[in-house]
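A short worksheet on the structure shown next.
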Amino acid sequence: MLGDDIKKLGFGLMRLPRVEGSNDVIDVEQVKQMVDEFLAAGFTYFDTAWAYSGSEEAMRKALVERYPREKYQIATKNAAWINCKTREDAIAQYTTSLQKSGAGYFDFYLLHNLGDSRTHVFEDFDLWNYFLGEKEKGKIKHLGFSFHSTAEQLEEILTKHPEAEFVQLQINYADWDSNLIQSRKCYEVARKHNKPVVIMEPVKGGNLATPPENVAKVLKEAEPDSSCASWAVRFAADLEGVITVLSGMSNIEQMRDNLSYMKGFTHLTPEEKKVIERAREELAKVPVVPCTTCNYCAKVCPMNIGISGSFNALNIYTLYGNYESAKGRESWDVVGQGHKRAGECIKCGKCEQVCPQHIEIRKELVRVAETFK
């Protein structure tokens, strides 16, 4: 299988450490130390993207300029749906990535965040064929895509593009049976098409590093010395057909924690799997809005409120207490961003008439609006 020679921990370069007192300047010296320890432990997969500000340049300085190119794999991404009006604009992202990274070639190149209204852009600009041409030139070793949408859409894309060699999916134990993220369903579609999987968001943007108290209690009673994040990463790494599990490490302490439990990781034991299942059961006990993201409400809302996204944001805040992460998801729904906020609800009640879960939607939207003022 593709990636059999790659160990199951990948260094995600999206949330790199910043110089003290700055939100913008990446601490390249700390990144160098992280790279050194990562490679010394036998791990070799680095994930970046054109859209990650400063990431490709920092990778060049910390990795590419300091180690032989054959000693590691680089993955980067093309987000053609960001401000690209022409095919040339999209291709310029690729050539910019080559220039900024200094990599010479990319081991894994991804069409970034396919799904919903973003998918057609790659088709309209004929980018699949362009990048297959770059693969023939040796500039790309493996071509695939990342994906944040429904299993049904993933099925459509993989059926239409069997040339995709791998797919990157959001998978973690909290979202495994989620109606919004559909981790399990998307994973099963990828396996059905025999596509190896790169896993992103195994710790759900850091939320599973500090889960609700009842969940943390289950994990700590099982292994007092193990971090809660370690259980999330190991859950993802245990799945069959996985190339690697990306962890967006922001400092040397997170790097060392990840290396401590992934260095010799093979599989979860049956007992460890039971612990994660108990943790998931405890997570389900936390009272949240019982929205299944069917989006019948969205079809009748005259104000185009992002109702399911609003409830998802409120649920994330309830579960993990991460205000900034939750607030960033308000007005999203299962088909993407671009909807009005909860506070713009006119309380017409049409949504409640069609909700299969009989949710008091107007009342809950008031809660959302008050929470994310």
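The basis for the numbers below is simple: all heavy atoms, side chains too, and nothing from hydrogens, waters or symmetry mates. Each residue takes its place number in the sequence, starting with 1.
By the side-chain contact (heavy atoms from CB on, under 4.5 Å) test, Pro68 pairs with Glu70, Lys71, sequence neighbours left out. Here Glu360 pairs with nothing under the side-chain hydrogen bond (donor to acceptor under 3.5 Å, both in side chains) rule; sequence neighbours left out. Every residue meeting the side-chain contact (heavy atoms from CB on, under 4.5 Å) condition with Ser178, not counting sequence neighbours, appears here in chain and number order: Asp175, Leu180, Ile181. In this view, Val275 and Val218, Leu219, Ala222, Trp231, Arg278 satisfy the side-chain contact (heavy atoms from CB on, under 4.5 Å) rule, not counting sequence neighbours. For Tyr317, there are no side-chain hydrogen bond (donor to acceptor under 3.5 Å, both in side chains) partners two or more places apart in sequence or in a different chain.
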Does the side chain to side chain donor-acceptor pair (under 3.5 Å) test come out yes or no for Asn113 and Ser146, once each step is laid out? CA-CA 5 Å; Asn113 200 7; Ser146 63; 5.6 Å; no
Would you please test Glu352 and Arg362 for salt bridge (charged side-chain N to carboxylate O under 4.0 Å, His left out) and show each step? CA-CA 8 Å; Glu352 294 180 10; Arg362 288 171 290 181; 3.0 Å; yes
Check the pair Asp225, Lys220 against salt bridge (charged side-chain N to carboxylate O under 4.0 Å, His left out), reporting the backbone distance first and the verdict last. CA-CA 7 Å; Asp225 297 329; Lys220 286 298 182 180; over 6 Å; no
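A donor-acceptor pair under 3.5 Å is formed between the side chain of Asn172 and the backbone N or O of Ala174. A donor-acceptor pair is defined here as one N or O able to donate and one able to accept, closer than 3.5 Å; such a pair exists between the side chain of Ser183 and the backbone of Gln170. A donor-acceptor distance shorter than 3.5 angstrom exists from the side chain of Gln254 to the backbone of Ser250, with no hydrogens or angles considered. Counting only distance, with no hydrogens or angles, the side chain of Thr318 and the backbone of Val288 share no donor-acceptor pair below 3.5 Å. For the pair Arg280 (side chain) and Tyr173 (backbone), a donor-acceptor distance under 3.5 Å is present. Using modelled atom types, no side-chain atom of Glu364 and backbone atom of Val289 make a donor-acceptor pair closer than 3.5 Å. Not a single donor-acceptor pair under 3.5 Å links the side chain of Glu370 to the backbone N or O of Arg367. Within the 3.5 Å criterion, the main-chain N or O of Asn207 finds no donor-acceptor partner in the side chain of Asn322. Trp81 contributes no side-chain N or O that, together with a main-chain N or O of Leu114, makes up a donor-acceptor pair within less than 3.5 Å. Side chain of Glu201 to backbone of Gly205: a donor-acceptor contact under 3.5 angstrom is found.
Comment: Arg184 engages Asp177 in a salt bridge, judged by a side-chain N to carboxylate O separation of less than 4.0 angstrom. No salt bridge links Arg256 with Glu253; every basic N to acidic carboxylate O contact stays at or beyond 4.0 Å. Contact check on Glu134 versus Lys137 returns a salt bridge, with a Lys/Arg side-chain nitrogen under 4.0 Å from an Asp/Glu carboxylate oxygen. Comment: Glu29 engages Lys32 in a salt bridge, judged by a side-chain N to carboxylate O separation of less than 4.0 angstrom. A salt bridge is absent between Lys274 and Glu271; no separation between the charged side-chain nitrogens and carboxylate oxygens falls under 4.0 Å.
Residues Phe11 and Met255 meet the side-chain proximity criterion, which asks for heavy atoms closer than 4.5 Å. Side-chain contact between Thr119 and Ile157 is present, with at least one heavy-atom pair separated by less than 4.5 Å. Proximity of Phe106 to Ser97: side-chain heavy atoms (C-beta onward) are separated by under 4.5 Å at one or more points. In this structure, the side chains of Lys195 and Glu165 stay at 4.5 Å or more apart for every pair of heavy atoms. Between Gln168 and Val197, every side-chain heavy-atom pair lies at or beyond the 4.5 Å cut-off. Side chains of Leu39 and Phe43 form no contact here, defined as non-hydrogen atoms less than 4.5 Å apart. By the 4.5 Å heavy-atom criterion applied to side chains, Leu16 and Asp27 are not counted as neighbours. Between Ile171 and Leu239, the closest side-chain pair of non-hydrogen atoms falls below 4.5 Å.
For Tyr72 and Tyr67, the ring centers are positioned 6.0 Å apart or more. Taking the six-membered ring for Trp and the full ring otherwise, the centers of Tyr94 and Phe131 sit less than 6.0 Å from each other. Note: Phe372 and Tyr323 meet the aromatic proximity criterion, with ring centroids under 6.0 Å apart. The six-membered or imidazole ring of Phe46 lies near that of Phe38, with a centre-to-centre distance under 6.0 Å.
Tested against Ser247, the residues Ile199, Asp257, Leu9 include a single side-chain contact (heavy atoms from CB on, under 4.5 Å) partner, Leu9.
Classification of the Phe108-Tyr45 ring pair by plane angle, with boundaries at 30° and 60°, yields tilted.
The stretch residues 2-13 participates, sequence neighbours left out, in no side chain to side chain donor-acceptor pair (under 3.5 Å) pair at all. The stretch residues 91-102 participates, sequence neighbours left out, in these salt bridge (Lys or Arg N to Asp or Glu O under 4.0 Å) pairs: Glu57-Lys100. The salt bridge (Lys or Arg N to Asp or Glu O under 4.0 Å) analysis of residues 77-87, with sequence neighbours excluded, yields the pairs Asp47-Lys77. Applying the salt bridge (Lys or Arg N to Asp or Glu O under 4.0 Å) test to every pair with at least one member in residues 142-159, sequence neighbours left out, gives these pairs: Glu155-Lys192. Legend: salt bridge (Lys or Arg N to Asp or Glu O under 4.0 Å) pairs involving residues 285-299, not counting sequence neighbours, sorted by first then second residue: Glu282-Lys285.
Between the side chains of Gln73 and His142, no donor-acceptor pair is found at a separation under 3.5 Å. Side chains of Ser308 and Asn295: a donor on one and an acceptor on the other come within 3.5 Å. Looking at Asn129 and Asp126, their side chains do bring a donor and an acceptor atom within 3.5 Å of each other. Using modelled atom types, one finds a donor on one side chain and an acceptor on the other under 3.5 Å when comparing His267 with Asp238. Neither side chain, Gln30 nor Asn251, offers a donor N or O lying under 3.5 Å from an acceptor on the other. Using modelled atom types, one finds a donor on one side chain and an acceptor on the other under 3.5 Å when comparing Arg234 with Ser230. No side-chain N or O of Thr48 forms a donor-acceptor pair with one of Glu56 less than 3.5 Å apart.
To the nearest 0.5 Å, atoms CG (Asn312) and OG1 (Thr293) are separated by 8.5 Å. Remark: Thr150 OG1 to Asn179 CG distance equals 12.0 Å, nearest 0.5 Å.
The hydrophobic cluster around Met14 extends to Tyr52, counting ILVMFWY residues whose side-chain heavy atoms fall within less than 4.5 Å of a member. Other members of the hydrophobic cluster containing Val25, listed by chain and number, are Val19; membership follows side-chain contacts under 4.5 Å among ILVMFWY residues, whether direct or relayed.
When all heavy atoms of Ser55 and Leu13 are compared, the closest pair comes out as OG-O, 2.8 Å. Closest non-hydrogen pair, Val203 versus Ala209, comes out as CG1-N, 3.4 Å.
A cation-pi arrangement is present between Lys141 and Tyr105, with the terminal nitrogen or guanidinium carbon under 6.0 Å from the aromatic centre and inside a 45° cone about the axis.
Within 6.0 Å of atom CZ in Phe265, more than 12 heavy atoms from other residues, nucleotides or ligands are found, so the atom counts as buried in its surroundings.
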